[in-house]
Amino acid sequence: MDWIIVKGARQHNLKNLDVKIPRNKMVVITGPSGSGKSTLAFDTIYAEGQRRYVESLSSYARQFLELMDKPDVDYIEGLSPAISIEQKTLSKNPRSTVGTVTEIYDYLRLLFARIGHVYCYSCGKEIKSQHAPQIVDTILSYGAGTMLTILAPIVRGRKGEYRKELDELRKQGFTKIKLNGEIVDLSEDITLDKNKKHEIDVIIDRIKIRDGIERRLFEAVELALNKADGLLKVELEGKGVYIFSEKFACPECGISYPEITPRMFSFNNPYGACPTCYGLGVKEYFDPDLIVPNQDLSLREGAVIPWSEKNPVHFLPFIEGFVKHYKIDIRQPFKALPKHVRDAIFYGTGNEEIEFYYDRGSRREVVKRPYEGVIKELEREYQYAGSYEKDRYERFINLIPCPVCNGARLKKEMLWVKINGLNIDEVSRMTIVQCLEFFKNLELSEKETEIAKTILKEITSRLNFLVDVGLDYITLSRNSATLSSGESQRIRLATQIGSGLTGVLYVLDEPSIGLHQRDNERLLTTLRRLRDLDNTVIVVEHDYEAIVSADYVVDLGPGAGENGGYVVFQGTPHELSLHEESITGKYISGREEIKIPDIRRKPKGFIRIKGARTNNLKNIDVDLPLGVFTVITGVSGSGKSSLIVDTLYPLLKQKLYRSKDRVGDVDGIEGYEAIDSVIDIDQSPIGRTPRSNPATYTGVFTYIRELFAKLPESRIRGYKEGRFSFNVKGGRCETCAGEGYVKIEMQFLPDVYIVCDICKGKRYNRDTLEVRYKGKNIADVLEMTVTQAMEFFDSIPHIKNKLKVLNDVGLGYIRLGQAATTLSGGEAQRIKLSRELSKKETGKTFYILDEPTTGLHFADIEKLIRVLNELVERGNTVLVIEHNMDVIKCADYIIDLGPEGGERGGKIVVKGTPEDVINCTESHTGRFLKKYLTGSIDLSSYRRKKSL
């Protein structure tokens, strides 16, 4: 079977298509946004491969696995076991790090356990092995008269019943053991739960230190060491337990280490985790910056959020008493209050008493008492809050490094096990590049080299895979929840290469997202390596380099939505470039291109961010131009999102709307008075339920319902606008509650959705559907595409204008009632843009877009640029974070951050017009942009393969 053959695929908007995909090749599925690429790759090919695997399991096993719907397809032949690598966050678990996800940390634990040098955490000297005579001398130093018990720990934190071991102890003449901290007589019948972890210490002897006891003590120590494989416990009455080891103990401080095993370096295991933070590395605390996020507000305006949410009837007397006591102005900005007053609000007044007045009916009662402080108040309330109430308090909670382990997550003993002077936490905090350098230059003895050879090979190969996918700037200790979706996908990709599987079908969703052009070639090399392991790699992608590097291309189209779902072309990239009907082919060959603007607009002013230090930003001052199209560029991890999303956007919201959102670490902002609003247009869904649709989101459905309510038939029946809403009772079908379908739950199979047999999927009841405009009822209107609706409502200007904007942004193909959950990220973003374009504005709006080309085809990017330029032409400012060179070359102004990612980033490399940027030799962006501006892209660079 050299081909994967798909026959009669009809999932979503696929038009009964047939397609052949070669096995063990790198195949790119491309086409306009909404043409059905993800539907074919994920919802059809991957879903069927996964479903067949799950169905091969027992019904008992299936109930624990995610069940995928059977795709609407006649048949698929030649499928391999399928693995999906999608754009989604790896894990929200605070214990999950880059090191644990990639399994590199597992190998690090093994390496440190096998060749790590142990040092005393008290004196810093290296710990050598400690034999029986040395242990005896240490015990005798406790002084005459000391009562102690010699114990042999034969079981330490392991599951099991241990019947054989207990019987053996009885035969050897031992009479007592310490079982899980309790002394137990061996003559008793002892039954242990095999599913629980146990501690079993054999009581060797009880001794009182005195003259002449040396021989007996030596025999007891020697017996305990033999019994417990070199380990020994000495329990001193009233002074605790000391562990001695033949392997690790400090002769000067008397500090002994247990046997060094890999689990001792795991922060997810109680034997290695810091006992204070339980291996999380952080401690929760109520953060004053979250309690008062906007210090420009006054107490009267609700600067202290917990206070502003209290009932004013009961809380106003408290505020009055507080203000009167400290003689402050309640209208004064919080930041202008004296420091001792701010401290009193946060941490309390101590012993200082305040007079509070409370009205008790007709009389006023005076209460004199100290105030505990808002933080203490929150801590107390949080402690006793129910689980459903805790969310209200958690928004004020922030994290600081654990004061005991300083964020290292491990017990202090484990942080004193080192290789070449570094502990496991210090190695984990290195960037991937620094880590690679460290392991390449390790200085090891001949014995250590032999032990570590295999382990080091696994570590360096996995680190190289991360470098190959453009993640050389991240650290192994970074929490996986903080990674972007693109970074998460590339980490999973690197992990899959490290697994070395063959004969697998990999399906990837735009792996180039969030990746700078510099790192793109390394990513493609990685995908080819995955293919060379005899795997089939299917990539949904729009990137030029990815398409021309593929072995085979499937181009879907010709349009999007209802106008898509057909196979326009399938073959090699060279054949695609010659294809006349393929839009993708025209852009690949250069017959179609996104034009460079004739003139660059001049800034009308600047907004200055002063001293930005959020995340990896290096205390930079940034001038952001107004009234132009600006692009923030830079390699992955250079600080683009930190500057714009985490600093600029919340800062502008605070200044313009007096918002209470938290701002990154920054000194301040100047020049914002020139704008009157800021809007962040991202690719998040316009709604999370099928009830949300383009008509409701853009507001055009309100006008349509008003029109239907004014029709003569509606007036006769007394119908109002609400009658034509499927979200409220009255006009909707109550059988399906306006959904149009009914869910049937299946125990071992996916839930089945069937069309409602009462309304036949129309959502409305029969009476409502009898009201018609131009022969169409409200359900018929929701089934129309935007283009059809424009013609239908041609005589209703306020409806037509809203629809025209949707059409202008390239969404003429979507249906008005199409569920928001079926829209792609690019479609959702353009719907948001259309809503902004249809608004009446002042021409002083600041628009922010973070990678808007995600999921967009060349033709769609051209439409997006046209829309963004229209916003600028109206006097607004558009700022975009982007890697796409077609967008960057069309910018009026570029701010390039870098020069590298992570700690080597966070600086401004160059700023100015695209022509200024290409002249900067230090800019990676400038190097690639030069090819686009000078027209020196080598269109024949891709492999001209013969037809497969």
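For Glu903, the CD atom is loosely surrounded, since the number of other residues' heavy atoms within 6.0 Å does not exceed 12. Taking a 6.0 Å sphere around NZ of Lys618, one finds it holds more than 12 heavy atoms contributed by other residues, nucleotides or ligands. Within 6.0 Å of the CZ atom in Arg369, the count of heavy atoms belonging to other residues, nucleotides or ligands exceeds 12. The neighbour count for Lys412 NZ, taken as heavy atoms of other residues, nucleotides or ligands under 6.0 Å away, does not exceed 12.
Close placement of the Tyr105 and Phe267 rings is indicated, their centers lying within 6.0 Å of each other. Aromatic pair Tyr649/Tyr672: centroids not less than 6.0 angstrom apart.
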**Report entry** Residues Ser677, Thr845; criterion side-chain hydrogen bond (donor to acceptor under 3.5 Å, both in side chains); working and verdict
**Finding:** CA-CA 5 Å; Ser677 60; Thr845 303; 3.0 Å; yes
Requested in this report: Please step through side chain to side chain contact (heavy atoms under 4.5 Å, CB included) for the pair Phe846 and Leu656, ending with a clear verdict.
Outcome: CA-CA 11 Å; Phe846 197 107; Leu656 298 173; over 6 Å; no
**Report entry** Worked check of side-chain hydrogen bond (donor to acceptor under 3.5 Å, both in side chains) between Asn727 and Arg691
**Finding:** CA-CA 8 Å; Asn727 290 324; Arg691 290 185 179 277; 3.1 Å; yes
Query raised in the report: Can you check side chain to side chain contact (heavy atoms under 4.5 Å, CB included) on Ile686 and Thr698, steps first, answer last?
Result: CA-CA 10 Å; Ile686 60 172; Thr698 58; over 6 Å; no
Requested in this report: Before giving the answer on side chain to side chain contact (heavy atoms under 4.5 Å, CB included), spell out for Asn693 and Gln818 the whole-Å C-alpha distance, their side-chain angles and the decisive distance to 0.1 Å.
Outcome: CA-CA 5 Å; Asn693 57 51; Gln818 186 172 334; 5.6 Å; no
Query raised in the report: Run the side chain to side chain contact (heavy atoms under 4.5 Å, CB included) check on Ile491 and Leu466 step by step: do they pass?
Result: CA-CA 7 Å; Ile491 281 179; Leu466 287 171; 4.1 Å; yes
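Residues satisfying the ring-ring contact (aromatic ring centres under 6.0 Å, His included) test with Phe42, not counting sequence neighbours, are none. Considering only residues two or more places apart in sequence or on other chains, Tyr285 meets the side chain to side chain contact (heavy atoms under 4.5 Å, CB included) condition with Asp287, Pro288, Asn398, Ile400.
Considering only heavy atoms from C-beta on, Lys283 comes within 4.5 Å of Pro403 through its side chain. Residues Ile83 and Tyr46 form no side-chain contact, since every pair of their non-hydrogen atoms from C-beta on lies 4.5 Å or further apart. Taking 4.5 Å as the limit, some side-chain heavy atom of Pro370 sits within range of a side-chain heavy atom of Glu353. Using a 4.5 Å cut-off on side-chain heavy atoms (C-beta onward), Arg95 and Leu280 make contact. When side chains are defined from C-beta on, Ile681 does not count as touching Pro852, because their heavy atoms never get closer than 4.5 Å. Put simply, the side chain of Lys610 does not reach to within 4.5 Å of the side chain of Ile669, judged on heavy atoms. When side chains are defined from C-beta on, Ile620 does not count as touching Ile609, because their heavy atoms never get closer than 4.5 Å. With a 4.5 Å cut-off on side-chain heavy atoms, Met414 and Ile424 do not count as touching.
Figure legend: cation-pi geometry between Arg763 and Phe726, with NZ or CZ positioned under 6.0 Å from the six-membered ring centre and within 45° of its axis. For the pair Lys390 and Tyr382, the distance from NZ or CZ to the six-membered ring centre is under 6.0 Å and the angle to the ring normal is within 45 degrees.
Of the inter-residue distances, the one linking Leu297 atom CG with Lys335 atom NZ reads 10.0 Å to the nearest 0.5 angstrom. If you take NE2 on His325 and CD1 on Ile354, they are separated by 5.0 Å, rounding to the nearest 0.5 Å. One finds the OG atom of Ser638 at 7.5 Å from the CG atom of Asn616 (value rounded to the nearest 0.5 Å). Taken from NZ in Lys832 to CG in Asp680, the straight-line distance is 8.0 Å, to the nearest 0.5 Å.
Here Glu510 does not pair with Arg490 in a salt bridge; the nearest charged N to carboxylate O distance is not below 4.0 Å. Salt-bridge formation is detected for the pair Lys339/Asp343: a Lys NZ or Arg NE/NH1/NH2 atom is positioned less than 4.0 Å from an Asp or Glu carboxylate oxygen. Using a cut-off of 4.0 Å between Lys/Arg side-chain N and Asp/Glu carboxylate O, Asp425 and Arg409 are scored as not salt-bridged.
Between Arg613 and Asn619, the side chains place a donor N or O and an acceptor N or O closer than 3.5 Å (distance only, hydrogens not considered). Using a 3.5 Å distance cut-off with no hydrogens or angles, the side chains of Thr614 and Thr647 do pair a donor with an acceptor. For the residue pair Thr97 / Ser477, no side-chain donor-acceptor distance below 3.5 Å is found, with atom types taken as modelled.
Shortest non-hydrogen contact noted between Ser96 and Asn479 is O-OD1, 3.4 Å. Of all the heavy atoms in Ala344 and Tyr326, the pair that sits closest is CB-OH, 3.4 Å. For the residue pair Glu284 and Ile397, the shortest heavy atom distance occurs at CB-CG2, 3.7 Å. Residues Arg395 and Leu290 share a closest heavy-atom pair of O-CD1, 3.6 Å. Between Pro694 and Leu823, the shortest heavy-atom distance links the atoms CG-CD1, 4.2 Å. Minimum interatomic distance between Val645 and Pro650 (heavy atoms only, all atoms of both residues): O-CD, 3.2 Å.
Using bins of under 30°, 30° to 60° and over 60° for the plane-to-plane angle, the ring pair Tyr371/Phe318 lands in the tilted bin.
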